[in-house]
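The block underneath contains the structure these notes are about, expressed in structure tokens.
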Amino acid sequence: MNLPTPDSALNGIANLRLPAWLLPAGWPLQAGEPVMADLRFDAGKISSLQPARAGQTDLWDAHGALALPGLTEPHAHLDKTFTIGRSRPSRPGLLAAIETMHQDRQHWTAEDLRQRARKGLALAAANGVTRVRTHIDWFDVTPPLAWSELADIAQPGITLERVALAPLSFFADAEAADRIARAVAESGKDCLLGGFIHSSNWDPAAMTNLMRSASRWQLNLDLHIDEELSPVAHGLSWLAHYLSENEVPENKWRGHICCSHGCALASGSEQQAQEVLGLLAAQRVTLIALPMTNLLLQDAATGRTPRQRGITLLKEAQAAGVLLLLGCDNVQDAFCPAGSYDPLDTLSCALFALQLDNLFDQQSRLICDVAALTGDAQTGLPLAPGSAASLVIFPDSDSLTWPLNSAARLVFHHGRLTHQRTWNEDLSHES
Ligand SMILES: [Zn+2]
């Protein structure tokens, strides 16, 4: 494959194999698979998406390579990332990781925070990510240093969202809840209110304060909720019923809500899960599954093989019509010593942990669906005419084995090649 010249604007790309979920209705099939696509660019945007035609000599030819729109990382922790080298928990599990994170905070200077977060964003960009949502821990009702330090660490090609992650106990007092929400609202766009909601801090009055303060300050929410396997975790069930029973009048504002983790859905009864999922689907709540950290932190005990997977009911949620995404969560910190800022690694993990099939044509949506993250119903399909000409090409992959063996890739932002990682076939030889 001849690569295009980095940084020169392309007229477009011919012969791309795009996933079925991304293509407009009526797209022609051949042997059950979508035919190749030609994309034309104009001023960094898509100007047309058509079934491939021969003779498009002004377009760069991708020769049938798989391609996706810019990838989404819906759940990261840039304030904690890359701290595993200096802070390793002495016990397995979520609560031990939280203790270790508090010990590591002594190192969180402005320079330390920025250097680690920039490294994470640079890796994400090289992997083809165009949108990152990071949670940032708050330690009292005023914004922490990381909140301001991570506000302007621009990485070309990436939109960065910040979520204020405060334990639910901070919302027990209505005035304190309002102070947090106000500080988030005054931090500018791309900021959300969040919370850590767990059976160890469960407080329905604090939940009500959290919901009311988000509404008052017109904030979207992204909650760490039910990150546990306890059958008595109340968070998601309470939220689903609260949203259903407190319908917002037409002239009032209710933001979009993402619920991250939701592991406890896998511990209750089928009937409970179906009821909650049905309510979440009706309220257009997005569920974000985080397979890597859940597999590492749930049902974790020293010297014992975990018996439970700890991952939310993704297939049941899909069947119920719940909006869904997959995220990496922690990367190389006390919560998860591994991790890569590559959504393909997350999807590969989900493939086995959740026994997913039809990975490229259907499930790749779980790492690309910006509309599921923002809740913006007006957002059309990525790569539709008028959208950004930003995409990732997997030059050596095939639709049967993707996302495995897919480290090689070409990343295009606004019609220009910005990152490439390819195999050097010239170096291969027989021993
Ligand atoms: Zn998280």
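Every number for a ligand or one of its atoms is a count from 1 in the order of the listing.
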- Item | Pair Asp112 + Arg86: basic N to acidic O under 4.0 Å | yes
### Whether His224 has an N, O or S atom under 2.8 Å from the Zn ion (ligand 1)
yes
Practice problem: Check whether any N, O or S atom of His135 sits under 2.8 Å from the Zn ion (ligand 1). | Solution: no
Taken in chain and number order and not counting sequence neighbours, the residues that satisfy side chain to side chain donor-acceptor pair (under 3.5 Å) with Arg133 are Glu161, Asp222
The angle formed at the Zn ion (ligand 1) by NE2 of His77 and OD1 of Asp329 is about (to 10 degrees) 90°
Smallest heavy-atom separation, Ser340 atom then Val331 atom, equals N-CG1, 3.9 Å
Would you call the rings of Phe412 and Trp60 parallel, tilted or perpendicular, taking 30° and 60° as the class edges?
tilted
